[in-house]
Undergrad: 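Okay, here's the structure, questions in a sec.
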Amino acid sequence: MPEGHTLHRLAGELGTMFGGRPVAATSPQGRFADGAALLDGTVLESAEAHGKHLMLGFAGERWVHVHLGLYGTFTLGPGEAPPVRGEIRLRLTGPGGFADLRGPAACEVLDPIEKKALYARLGPDPLRADADPGSAWRRISRSRTSIAALLMDQAVVAGPGNVYRAEVLFRQGIDPARAGRDLSMAEWEAIWSDLCALMPEGVRTGRIDTVRPEHTPEAMGRPPRVDDHGGEVYVYRRAGQPCLVCGTEVRTAVLVARNLFWCPTCQSRSGPVSSTSPLAH
DNA sequence: CACTCATGTACAC
DNA sequence: TGTACCTGAGTGG
């Protein structure tokens, strides 16, 4: 489930598993053969993430930049790596275990200048200590684009994806169709601080849980429920089902080529201008 | 076996 | 705004 929390979690796990020691690198699939050969046997010095981008720092100022895209996965395990099955772009092995990368949108070696350039085009990441939410607010507060679309723009905010976008707007009661410039600064600050609470929890648990204790099915006197993506959420992929808070049918629409989910009753907070603006369709 | 879908992005037009 | 693409899991015939 590659939203930002996945990459930060991976950075931590890879750093723990391989950090400070030489790592064996191969590309069983062959599509990263040159890069793997360059890294093979060098020391992993650091592992970090910015938004959905993972950076593995190897000796010699070589950074492996990984972006999982829509369906990339990094599978880690202890001990010996299993026989190769399917397409493995990059396999790292060391005394601590193995890590297999499949299907990434990006897997490449960058120098420090290229790494810096990549970071420069990303918005603030709620999971990074150096994040400046003010830079995101400057863009949001001037934009006619919907807040739902702005939250998916990695140049505005880096890390949240389709799940966090839908869930944070629900938790803050904000209509996803509202233009960024019609949000108050207080509303943006509430979105940001909520992301700063939710996403570290995602890093810790490895899943996205957004349902407050008082709204769990148990607390609401409903049968227990398991969401098919592995976490407990209010609206993401729950179209047609009753809202956990008010019972209204959760709605869905395609916005900028992504599935958006929201509760039309709970998410009715409207700004001064766009209260009647329809969702793009 | 064929087909569909996905938590993302980049590029063409 | 459309579409191609990185791959695996799930579904249905």
Side-chain angles (χ1 to χ4, degrees), chain A residues 1-10 27-33 35-36 49-55 64-76 82 84-91 99-108 110 114 117-123 125-127 144-146 148-170 176 195 198-199 201-203 205-211 226-240 250 252-262 279-281:
Chain A
M1 306 176 196
E3 297 199 20
H5 70 298
T6 304
L7 284 301
H8 283 265
R9 183 179 170 84
L10 273 172
S27 179
Q29 175 196 55
R31 289 185 53 178
F32 188 56
H50 190 140
K52 297 165 189 161
H53 300 261
L54 174 67
M55 290 284 180
V64 174
H65 167 227
V66 173
H67 195 292
L68 293 177
L70 191 53
Y71 33 75
T73 59
F74 228 136
T75 308
L76 281 59
V84 170
R85 221 170 359 89
E87 302 288 297
I88 301 178
R89 185 77 57 87
L90 172 63
R91 168 171 276 182
D100 285 344
L101 172 65
R102 299 171 191 270
C107 177
E108 59 186 346
L110 301 185
E114 293 169 315
L118 193 152
Y119 280 19
R121 61 179 173 78
L122 297 174
D125 176 350
L127 288 170
R144 277 165 291 190
T145 304
S146 68
L150 288 166
L151 285 180
M152 293 288 286
D153 183 344
Q154 300 297 298
V156 176
V157 190
N162 208 11
V163 184
Y164 281 120
R165 171 272 284 266
E167 293 298 308
V168 77
L169 288 174
F170 177 89
L195 290 171
L198 289 172
M199 296 186 72
E201 186 66 6
V203 177
T205 63
R207 42 185 269 177
I208 300 179
D209 292 292
T210 61
V211 178
V226 179
D227 288 318
D228 58 7
H229 70 285
E232 288 278 322
V233 295
Y234 284 105
V235 290
Y236 176 69
R237 279 215 227 175
R238 295 195 63 246
V250 172
T252 186
V254 174
L255 178 68
V256 208
R258 308 305 304 280
N259 296 320
L260 171 67
F261 302 87
W262 80 102
L279 196 65
H281 44 227

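Quick note: numbers below take in every heavy atom, side chains included, and nothing from hydrogens, waters or symmetry partners. The sequence lines fix the lettering, A, B, ..., with proteins before strands; numbering per chain opens at 1. Computed from a prediction, not measured in an experiment: that's the story for all the values here.
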Undergrad: Quick one: L198(A) CG to dT7(B) P, roughly how many Å, whole number?
TA: 19 Å
Undergrad: Any side-chain N or O of K52(A) under 4.0 Å from OP1/OP2 of dT9(B)?
TA: yes
Undergrad: Are OP1 or OP2 of dT9(B) and a side-chain N or O of R121(A) less than 4.0 angstrom apart?
TA: no
Undergrad: Report yes if a side-chain nitrogen or oxygen of R237(A) is closer than 4.0 Å to either non-bridging phosphate oxygen (OP1 or OP2) of dT7(B); otherwise report no.
TA: no
Undergrad: side-chain contact (heavy atoms from CB on, under 4.5 Å) with P126(A): which of L195(A), V168(A), L198(A)?
TA: L195(A)
Undergrad: Over 60° means perpendicular and under 30° means parallel, so tell me whether Y234(A) and F170(A) are parallel, tilted or perpendicular.
TA: parallel
Undergrad: Between atom CG in L70(A) and atom P in dT4(B), what is the gap in whole Å?
TA: 16 Å
Undergrad: So, the side chain of T205(A) versus the backbone of R207(A): is there a donor-acceptor pair under 3.5 Å, distance only?
TA: yes
Undergrad: Name the nucleic acid region contacted by E167(A), choosing base, sugar-phosphate or nothing; use a 4.0 angstrom heavy-atom cut-off, strictly under.
TA: nothing
Undergrad: Could I get the full list of side chain to side chain contact (heavy atoms under 4.5 Å, CB included) partners for R121(A), not counting sequence neighbours?
TA: H53(A), L118(A)
Undergrad: Under 4.0 Å between a side-chain N or O of H67(A) and OP1 or OP2 of dG8(B)?
TA: no
Undergrad: Between Q154(A) (side chain only) and P160(A) (backbone N and O only), is there a donor and an acceptor less than 3.5 Å apart?
TA: yes
Undergrad: Using the P atom as the point on both nucleotides, what is the distance between dC5(C) and dC13(B), in whole Å?
TA: 14 Å
Undergrad: Taking 4.0 Å as the cut-off, does a side-chain nitrogen or oxygen of R89(A) come that near to OP1 or OP2 on dG8(C)?
TA: no
Undergrad: Could you tell me how far dA10(B) sits from dG8(C) if I compare only their C1' atoms? Round to whole Å.
TA: 22 Å
Undergrad: Rounding to an integer number of angstrom, what distance separates dT7(B) and dT1(C) when you compare their C1' atoms?
TA: 22 Å
Undergrad: Quick one: R258(A) CZ to dG8(B) P, roughly how many Å, whole number?
TA: 4 Å
Undergrad: Over how many whole Å does the gap from L68(A) atom CG to dA10(B) atom P extend?
TA: 14 Å
Undergrad: To the nearest 0.5 Å, what is the distance between CG (N259(A)) and OG1 (T252(A))?
TA: 5.0 Å
Undergrad: Where does DNA chain C pair, written as one dot-bracket string 5' to 3', with Watson-Crick or G-U pairs under 3.5 Å, ( ) inside the strand, [ ] for crossing pairs and | for another strand?
TA: |||||.||||||.
Undergrad: With rounding to the nearest 0.5 angstrom, report the NZ to NE2 distance, K52(A) to H5(A).
TA: 11.0 Å
Undergrad: Go through dA6(B), dT7(C), dG8(B) for me and flag the one nearest to the Y236(A) side chain.
TA: dA6(B)
Undergrad: Return no unless some side-chain N or O of N162(A) is found under 4.0 Å from OP1 or OP2 of dA6(B).
TA: no
